[in-house]
Each structure stands twice: as C-alpha cells, then as structure tokens.
Amino acid sequence: MASQNMDPAAASSTAALKGSDSGGSAARGSVSKRLQQELMTLMLAGDKSISAFPETDNLFKWIGTINGPQGTVYDGLWYRLSLEFPAGYPYQAPRVKFITPCFHPNVDDQGFICLDILKDKWSALYDVRSLLLSIQSLLGEPNNESPLNAAAAKLWEDQEAYKAHLHTTFQN
C-alpha cells in the first residue's frame with residue numbers, strides 16, 4: 001500500500017490555493033475523530049498491561065502507562081509516558097517520552113526513546129495501542145546496536161546485575 005502515509009490534506013493543496021481556510025480546522029477535526037476512535041479501541045481492548053488517556057480535555061496530549069513485560073528484568077515495574085499528537089497525525093508520529101525515569105539502552109536521561117517506528121518507520125497504520133505495545137516490547141528486547149544510554153547497554157550483558165540495578169534504583 002504505497003499511499004498509506006500520504007496526507008490527504010497535502011493532496012488537496014489546490015483547495016488551499018483557492019482561498020479555503022477551513023482545511024486546517026477540518027484536518028484537526030479528523031485527527032480528533034481518529035484519536036477518539038483510538039481511545040475507544042484502547043478502552044475496549046482490555047489490555048491490562050497498557051493504558052492511555054487524554055491528560056486533560058486536550059485530546060492531543062495523553063498520558064500512557066505500560067507495565068514491564070513479564071519474564072523480563074522489567075517485570076513488576078510500570079512506567080508513565082507522555083504522548084503528544086501533531087496536527088498531522090496519523091501521518092506524522094506522535095512525540096513520546098517516558099515521564100517515569102527509565103534505565104534502558106534505548107532511552108536517554110530525558111526519557112526520549114530511540115525506536116524506529118517513532119522516526120523513519122512510522123506509518124499511519126500504527127495507533128496508540130500498537131505504539132504502547134511496541135515500547136513495552138522494546139523494554140525486554142533493546143537494540144544494543146544503537147544505544148542512547150551506553151551504561152545501560154553495557155550492563156544489559158549481565159541480566160542479574162541489570163535487574164538488581166533496576167529494582168533498587170527505580171522502584172515504583
């Protein structure tokens with residue numbers, strides 16, 4: 001599907017040239033509708049290990065939570081994330097970062113995440129649920145070839161020491 005990331009608002013540039021200024025509010029309305037649908041999908045999915053809701057009455061800023069994946073060094077820990085959706089969502093990736101401190105090879109000190117689907121591999125087919133599940137999966141399966149946190153990448157080799165560091169430093 002070659003056009004999955006094509007922004008229909010960009011395709012209708014001729015309407016903008018004709019002086020129509022309703023395109024911006026119409027695009028924002030379609031993003032709001034998409035986010036409302038995603039919120040309903042999340043609530044109905046029944047995933048107990050992930051959740052996300054609008055932070056306030058602003059549908060473009062959410063707070064998400066993920067539990068550490070079972071059977072990994074993160075098992076028993078949980079994390080809060082902030083999600084900010086651009087006006088070009090779902091054709092542009094949301095800005096996602098950890099609010100809860102997260103010691104991980106692919107998370108920097110400010111909570112930003114190095115994950116391909118948040119950058120160049122983003123697709124309009126992704127939604128909040130799939131994004132949270134991907135981040136949850138990344139916790140247990142880091143990409144040590146491209147670490148943002150070199151200390152975590154080095155310690156990852158010794159899972160016992162890594163788990164001990166996590167559970168003594170980042171109890172929540």
Side-chain angles (χ1 to χ4, degrees), residues 4-13 16 20-69 74 76-143 146-149 152 166 169-172:
Q4 69 188 19
N5 281 336
M6 180 184 266
D7 185 346
S12 64
S13 60
S20 168
D21 71 336
S22 64
S25 60
R28 193 160 171 85
S30 68
V31 174
S32 293
K33 185 174 180 179
R34 163 86 182 235
L35 289 171
Q36 289 170 345
Q37 289 172 336
E38 290 191 29
L39 180 59
M40 286 300 288
T41 300
L42 259 175
M43 291 182 353
L44 295 174
D47 290 315
K48 297 199 185 325
S49 65
I50 62 167
S51 68
F53 297 95
E55 187 175 334
T56 58
D57 59 350
N58 181 354
L59 199 55
F60 287 77
K61 289 187 179 189
W62 291 24
I63 297 293
T65 60
I66 57 173
N67 292 347
Y74 292 92
L77 299 174
W78 62 272
Y79 297 90
R80 292 182 69 205
L81 301 105
S82 70
L83 296 91
E84 292 184 23
F85 300 93
Y89 183 80
Y91 304 101
Q92 297 171 345
R95 182 174 178 233
V96 182
K97 67 181 262 188
F98 280 91
I99 297 170
T100 306
C102 182
F103 182 74
H104 188 275
N106 304 119
V107 179
D108 71 12
D109 290 341
Q110 283 76 47
F112 290 104
I113 307 162
C114 180
L115 182 62
D116 59 356
I117 66 168
L118 288 173
K119 307 285 184 228
D120 58 328
K121 301 288 187 198
W122 177 257
S123 167
L125 298 175
Y126 292 123
D127 61 7
V128 174
R129 182 177 179 274
S130 62
L131 181 58
L132 291 175
L133 290 171
S134 294
I135 294 169
Q136 185 181 50
S137 177
L138 180 70
L139 286 178
E141 300 171 21
N143 178 2
S146 174
L148 284 178
N149 183 332
L166 277 179
T169 311
F170 299 102
Q171 284 292 330
N172 50 23

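Computed from heavy atoms alone, side chains included, the values below leave out hydrogens, waters and symmetry copies.
Annotation: the span from Leu132 atom CG to Leu42 atom CG amounts to 6.5 Å, rounded to 0.5 Å. To the nearest 0.5 angstrom, Leu44 atom CG is 9.5 Å from Leu39 atom CG. Distance check: Thr100 OG1 to Leu81 CG gives 7.0 Å after rounding to the nearest 0.5 Å. Interatomic distance, Thr169 OG1 to Phe103 CZ, rounded to the nearest 0.5 Å: 8.0 Å. From Asp127, atom CG reaches atom CD of Gln37 across 10.5 Å, with rounding to the nearest 0.5 Å. Here the straight-line distance linking atom CD1 of Ile99 with atom CD1 of Ile63 works out to 3.5 Å at 0.5 Å rounding.
Ile66 pairs in a side-chain contact (heavy atoms from CB on, under 4.5 Å) with only one of the listed residues (Leu138, Ile135, Leu133), which is Ile135.
Applying the salt bridge (Lys or Arg N to Asp or Glu O under 4.0 Å) definition to pairs two or more places apart or across chains, those involving residues 29-41 are Arg34-Glu38.
Checked against side chain to side chain contact (heavy atoms under 4.5 Å, CB included), Pro86 has the following partners two or more places apart in sequence or in another chain: Tyr89, Gln92.
A pairwise comparison of heavy atoms in Lys97 and Ile113 identifies CA-CD1, 4.4 Å as the closest pair. The minimum heavy-atom distance between Ala152 and Pro105, with the atom names listed, is CB-N, 3.5 Å. Taking all atoms of both residues into account, the shortest heavy-atom contact from Ala87 to Val31 is O-CG2, 3.2 Å.
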Please tabulate, for the side chains in residues 49-56, all donor-acceptor contacts under 3.5 angstrom to protein atoms that are two or more places apart in sequence or on a different chain.
{"unit_1": "Ser49", "atom_1": "OG", "unit_2": "Gln136", "atom_2": "NE2", "d": "3.2"}
{"unit_1": "Ser51", "atom_1": "OG", "unit_2": "Thr65", "atom_2": "OG1", "d": "2.5"}
{"unit_1": "Thr56", "atom_1": "OG1", "unit_2": "Asn58", "atom_2": "N", "d": "3.3"}

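At most 12 heavy atoms of other shown residues, nucleotides or ligands fall within 6.0 angstrom of atom NZ in Lys61.
Taking the six-membered ring for Trp, Phe98 and His104 have ring centres at least 6.0 Å apart.
Asn106 places no side-chain N or O within 3.5 Å of a backbone atom of Leu115 that could act as its donor or acceptor partner. Remark: the backbone N or O of Pro94 is not paired with any side-chain donor or acceptor of Trp122 at under 3.5 angstrom.
Counting heavy atoms from C-beta on, the side chains of Leu83 and Leu131 come closer than 4.5 Å. In this structure, Tyr126 and Pro90 have side chains that are not in contact, with every pair of non-hydrogen atoms separated by 4.5 Å or more. Using a 4.5 Å cut-off on side-chain heavy atoms (C-beta onward), Cys102 and Leu139 make contact.
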CA sep, side-chain torsions, deciding dist, call: Phe85, Val128, side-chain contact (heavy atoms from CB on, under 4.5 Å): CA-CA 10 Å; Phe85 300 93; Val128 174; 3.5 Å; yes
